[in-house]
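Here's the structure, in structure tokens; my notes come after.
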Amino acid sequence: MRTFIDHLTERNFQKKTIGLIENGSWAPLAAKTMKKMLEGQKDITWCNNTVKILSSMNEENEAQMDGLVEELTMDYQERHEETAHKNDFTALFKIGYGLYVVTTNDGKKDNGLIVNTVTQVTDDPNRIAVCINKRNYSHDIAKQTGIMNVNCLTTETPFSIFKQYGFQSGRDADKFAGMGEMPRTDNGLVFLPMYINAVMSLKVQQYVDLDTHGMFICTVEEARVLGTAETATYTYYQKHIKPAPDTEGKKGWVCTVCGYIYEGDELPDDFICPLCKHGVADFEPIG
């Protein structure tokens, strides 16, 4: 296998999807070694499933094999009428989402929350749509005051910022407590002094009731560029910012947004994550 991989790398092996299978009697390292040998090749996609066989096949290995086969044949299956999975709503996760802090003020204190649905809808005039969950205090403030700021978070943003603005409610906590004098835009609202590459001041022109969420159609009153760092996407957050939850020895469900663990065989259909306020659609079974 080493010779085979050497031949591939010598011939500029690239733009391929690779699945790894290793075998050993105790702690095989073949998958790690093979991946390191190929890590310099361009545009390689690695399968999430790695098959680790300890001397002989067992039921766990069969499940790993099935998972690997599913990954390698997914695009083929989805192109055909008979094998396509037509109700896989994880397709929605493929839509590109940035991550933002929306700042508001209720007349007594500043507030902020994390959102991932900010979209430019027209360019003449410049209009932006912002969707906010009705459970969030900022939804009520923005609906009442008609103004908000959108802070574009960068890939340099630490997890602590997401905890500060996403895992507590402005009804109960002062999210800007102890931060001292904050910079403000002309509408009087604060914007983050770091970890953002742009801020936009918005004035609400229209409100659309979307049952669980409210959509604010806004005009851009002010726009500032504060840096050149890349905007953090939801995918980047999942892969590089959010720490992996500690699921060792636990059974139940884990929130893919914040890592909260619900221990129990069945997750109630109406369950809401107590940390990030996301519903059951953003939970996955442990293991």
Side-chain angles (χ1 to χ4, degrees), residues 92-93 95-154 157 161-176 182-193 195-226 231-235 237 257-258 272-273 275-279 281-282:
L92 298 173
F93 299 159
I95 299 173
Y97 294 103
L99 287 167
Y100 314 89
V101 171
V102 169
T103 51
T104 54
N105 187 292
D106 63 3
K108 296 180 180 179
K109 70 176 188 292
D110 296 305
N111 194 51
L113 88 158
I114 302 288
V115 300
N116 67 351
T117 44
V118 175
T119 308
Q120 182 177 357
V121 290
T122 64
D123 62 0
D124 187 18
N126 285 309
R127 286 196 183 96
I128 289 178
V130 181
C131 284
I132 303 178
N133 193 310
K134 290 181 180 179
R135 295 190 189 95
N136 291 309
Y137 186 41
S138 291
H139 169 275
D140 299 341
I141 299 175
K143 193 173 181 182
Q144 180 182 358
T145 64
I147 59 173
M148 69 181 81
N149 281 354
V150 169
N151 300 258
C152 302
L153 295 173
T154 73
T157 308
I161 294 295
F162 292 91
K163 290 177 63 178
Q164 180 175 349
Y165 297 108
F167 299 170
Q168 57 180 341
S169 172
R171 290 187 176 90
D172 311 315
D174 183 349
K175 299 185 181 183
F176 290 92
M182 296 287 292
R184 296 179 183 272
T185 49
D186 289 347
N187 62 6
L189 299 180
V190 300
F191 63 93
L192 272 60
Y195 306 126
I196 67 171
N197 55 23
V199 61
M200 289 160 282
S201 298
L202 308 181
K203 184 176 182 180
V204 179
Q205 301 294 335
Q206 183 181 354
Y207 176 82
V208 182
D209 192 317
L210 299 176
D211 297 325
T212 58
H213 290 65
M215 177 186 287
F216 298 85
I217 308 297
C218 311
T219 52
V220 181
E221 300 288 296
E222 184 179 349
R224 306 186 196 181
V225 175
L226 291 93
T231 298
T233 64
Y234 186 72
T235 301
Y237 166 80
V257 176
C258 68
I272 301 298
C273 178
L275 292 182
C276 66
K277 312 305 179 189
H278 282 239
D282 291 310

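Using a 30° and 60° split on the angle between ring planes, Phe162 and Tyr237 fall in the tilted class, from 30° to 60°.
By the 4.5 Å heavy-atom criterion applied to side chains, Tyr100 and Val130 are not counted as neighbours. A heavy-atom distance below 4.5 Å is not found between the side chains of Ile128 and Val150. Looking at Phe216 and Val102, their side chains never come closer than 4.5 Å, going by heavy atoms from C-beta outward. Within the 4.5 Å cutoff, the side chain of Val101 has heavy atoms near those of the Ile114 side chain. Using a 4.5 Å heavy-atom threshold, the side chains of Asn187 and Lys203 count as separate. Contact annotation: the side chain of Ile272 approaches that of Arg135 to within less than 4.5 Å [non-hydrogen atoms, C-beta and beyond]. Side-chain atoms of Val257 and Tyr234, non-hydrogen and from C-beta on, do get closer than 4.5 Å to each other. Looking at Asp106 and Tyr137, their side chains come closer than 4.5 Å, going by heavy atoms from C-beta outward.
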**Report entry** Residue pair Asn133, His139: steps toward the side-chain contact (heavy atoms from CB on, under 4.5 Å) verdict
**Finding:** CA-CA 7 Å; Asn133 193 310; His139 169 275; over 6 Å; no
Requested in this report: Kindly determine whether Cys152 and Met200 satisfy side-chain contact (heavy atoms from CB on, under 4.5 Å), including the steps that lead there.
Outcome: CA-CA 9 Å; Cys152 302; Met200 289 160 282; 3.7 Å; yes
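Atom CZ of Arg127 is separated from atom OG1 of Thr122 by 4.5 Å, given to the nearest 0.5 angstrom. If you take CG on Asn136 and OG on Ser169, they are separated by 7.5 Å, rounding to the nearest 0.5 Å. With rounding to the nearest 0.5 Å, the separation of OG1 in Thr231 from CG in Asn197 is 4.0 Å. If you take CZ on Arg184 and CE on Met182, they are separated by 8.0 Å, rounding to the nearest 0.5 Å. Taken to the nearest 0.5 Å, the CG atom of Leu153 stands 11.0 Å off from the OH atom of Tyr195. One distance of note links CZ of Phe176 with NZ of Lys109; it measures 11.0 Å at 0.5 Å rounding.
At most 12 non-hydrogen atoms from other residues, nucleotides or ligands lie less than 6.0 angstrom from CD of Gln144. The number of heavy atoms from other shown groups lying within 6.0 Å of NZ (Lys163) does not exceed 12.
Looking only at distances, a side-chain donor or acceptor of Asn149 sits under 3.5 Å from a matching main-chain atom of Val190. Judged by distance alone, with hydrogens and angles left aside, the side-chain atoms of Glu222 form a donor-acceptor pair with the main-chain N or O of Asp186 at under 3.5 Å. Of the possible donor and acceptor atoms, none in the side chain of Gln120 sits under 3.5 Å from a partner among the backbone N and O of Asn126.
A side-chain contact (heavy atoms from CB on, under 4.5 Å) with Val199 is found for exactly one of Leu189, Asn151, Val225, namely Asn151.
Val115 approaches Cys131 most closely through the heavy-atom pair CG1-O, 4.1 Å. Considering all non-hydrogen atoms of both residues, Gly112 and Lys175 come closest at O-NZ, 2.7 Å. Shortest non-hydrogen contact noted between Arg171 and Lys134 is NH2-O, 4.5 Å. When all heavy atoms of Cys276 and Phe167 are compared, the closest pair comes out as CB-CE2, 3.9 Å. Of all the heavy atoms in Thr185 and Arg224, the pair that sits closest is CA-NH2, 3.6 Å.
Remark: the Ser138 side chain and the Asn111 side chain contain an N/O donor-acceptor pair separated by less than 3.5 Å.
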